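Each remark here refers to the structure printed beneath this line.
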Amino acid sequence: LGYRPVLEDTDGASRVQAAIRQALVFLAFILVGAAVVFGIMALLGQLVLHGGPSIDKPIYHWVVTHRIHHWKRVMVSATKTGNAWSTRMAAASAAVCLAVTWRRYKWLPAFAFILLTVLQRYVTHFIHLAAHRVGPPGFPHGTFPSGGSERSVVFFGLIAYFLWREFSGRRSTAIWAGAAVAALAFNEGYSRDYLGMHWTTDVLSGWFYGILLLAHDHARGQDEQGQQ
């Protein structure tokens, strides 16, 4: 009986050390993943800066000359789905609902959305510094890549993945969920391009950037569940 406190202290210390190691591995995974995403987007940014104008300017001038007033009003409303507050409120609502319905790891959706918000904000900031680009006429602060296009992919994509994982898990449902996310992302990119808020290559880069962030967060979530 006299050795029990010593054993309990040893077990407690081991658990603390294991938790610290797991936290350090998790942090390293996040930092390395973020660095990889930044490196890819910084390289893509240089390609867009040098080769983008030859693609963007003809498309921009064609869209401007063929723009329809009533359709433009529709696009002004449609493009709001990818605004920062729209996507974050959707993510917050999904996190609350999933915390109620999930049987295990109730904290995971909220944690994933918070982490994604922070990661997206700072990685995007450094991308802007590495590849600063002036936007189209009337929107000089439109930057590379298109934030609305990226947010539509990454936030709605993660919401769709969590809902699919909890309530279905079937391949056919995954296809429909992916199609819904693709439609939202296309709506956002098309509306921003139509309104002249971003160059076309900024929109395409925004979609690609969103896919990279979504893949990174998905891999992190899988790794975290595997360690539980």
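In this chain, residues are counted from 1 in sequence order. All values reported here derive from a predicted model rather than from experimental measurement.
- Rounded to the nearest 0.5 angstrom, Ser205 OG and Leu47 CG are separated by 9.0 Å.
- Using a 4.5 Å cut-off on side-chain heavy atoms (C-beta onward), Trp207 and Ser152 make no contact.
- In this structure, Arg151 contributes its side chain and Thr87 its backbone to no donor-acceptor pair below 3.5 Å.
- The CH2 atom of Trp62 sits 11.0 Å away from atom OG1 of Thr200, with the distance rounded to the nearest 0.5 Å.
- Looking at heavy atoms from C-beta onward, Tyr194 lies in side-chain contact with Lys72 at the 4.5 angstrom threshold.
- Asp56 places no side-chain N or O within 3.5 Å of a backbone atom of Trp199 that could act as its donor or acceptor partner.
- No more than 12 heavy atoms of other residues, nucleotides or ligands shown are found within 6.0 angstrom of NZ on Lys57.
- In this structure a side-chain-to-backbone donor-acceptor pair under 3.5 Å is missing from Asn187 to Thr79.
- You'll find the side chain of Glu188 stays beyond 4.5 Å of the side chain of Leu184, heavy atoms only.
- With contacts defined as side-chain heavy-atom distances shorter than 4.5 Å, the pair Met41/Pro145 qualifies.
- Within the structure, the salt bridge (Lys or Arg N to Asp or Glu O under 4.0 Å) test picks out no pair touching residues 34-54 (sequence neighbours left out).
- Remark: side-chain polar atoms of Arg133 are not paired, donor with acceptor, to backbone N or O of Leu49 under 3.5 angstrom.
- Among Leu43, Ile55, Leu204, Thr201, the single residue meeting the side-chain contact (heavy atoms from CB on, under 4.5 Å) criterion with Val48 is Thr201.
- A donor-acceptor pair is defined here as one N or O able to donate and one able to accept, closer than 3.5 Å; such a pair exists between the side chain of Tyr209 and the backbone of Thr124.
- Across every non-hydrogen atom of Pro53 and Pro58, the tightest pair is O-CD, 3.9 Å.
- A donor-acceptor pair shorter than 3.5 Å cannot be found between the side chains of Glu166 and Thr101.
- Hydrophobic clustering (ILVMFWY, side-chain heavy atoms < 4.5 Å, transitive): Phe155 and Met89 are in distinct clusters.
- In this structure, Trp164 CH2 and Ile175 CD1 are separated by 11.0 Å, a value rounded to the nearest 0.5 Å.
- More than 12 heavy-atom neighbours from other residues, nucleotides or ligands sit within 6.0 angstrom of NE2 on His66.
- With sequence neighbours excluded, the residues that form a ring pair (Phe, Tyr, Trp, His ring centres under 6.0 Å) with Phe186 are Tyr190.
- Considering only heavy atoms from C-beta on, Arg67 stays 4.5 Å or farther from Leu195 through its side chain.
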For residues 109-123, please give each side-chain donor-acceptor pair under 3.5 Å, one per line with the distance, not counting sequence neighbours.
residue	atom	partner	partner atom	Å
Thr117	OG1	Phe113	O	2.8
Gln120	NE2	Glu150	OE1	3.0

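- For the pair Phe208/Val203, no side-chain contact is recorded, criterion being any heavy-atom separation below 4.5 Å from C-beta on.
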Check the pair His198, Tyr60 against ring-ring contact (aromatic ring centres under 6.0 Å, His included), reporting the backbone distance first and the verdict last.
CA-CA 9 Å; His198 281 285; Tyr60 174 82; over 10 Å; no
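- Cluster annotation: Phe156 is not connected to Trp176 through the hydrophobic network of ILVMFWY side chains, with a link wherever side-chain heavy atoms come within less than 4.5 Å.
- Looking at Thr81 and Ser86, their side chains never come closer than 4.5 Å, going by heavy atoms from C-beta outward.
- At distances below 3.5 Å, at least one donor-acceptor pair connects side-chain atoms of His50 with backbone N or O atoms of Gln46.
- Cluster annotation: Leu213 and Leu129 are assigned to the same hydrophobic cluster (Ile/Leu/Val/Met/Phe/Trp/Tyr, side-chain heavy-atom contacts under 4.5 Å, transitive).
- From Leu98, atom CG reaches atom CD1 of Ile159 across 8.5 Å, with rounding to the nearest 0.5 Å.
- Ile40 and Phe126 fall within a single hydrophobic cluster, where Ile, Leu, Val, Met, Phe, Trp and Tyr are joined by side-chain heavy atoms under 4.5 Å apart, directly or via other members.
- Ser146 and Asp202 share no side-chain donor-acceptor pair at under 3.5 Å.
- Taking all atoms of both residues into account, the shortest heavy-atom contact from Ala185 to Val153 is CB-CG2, 3.7 Å.
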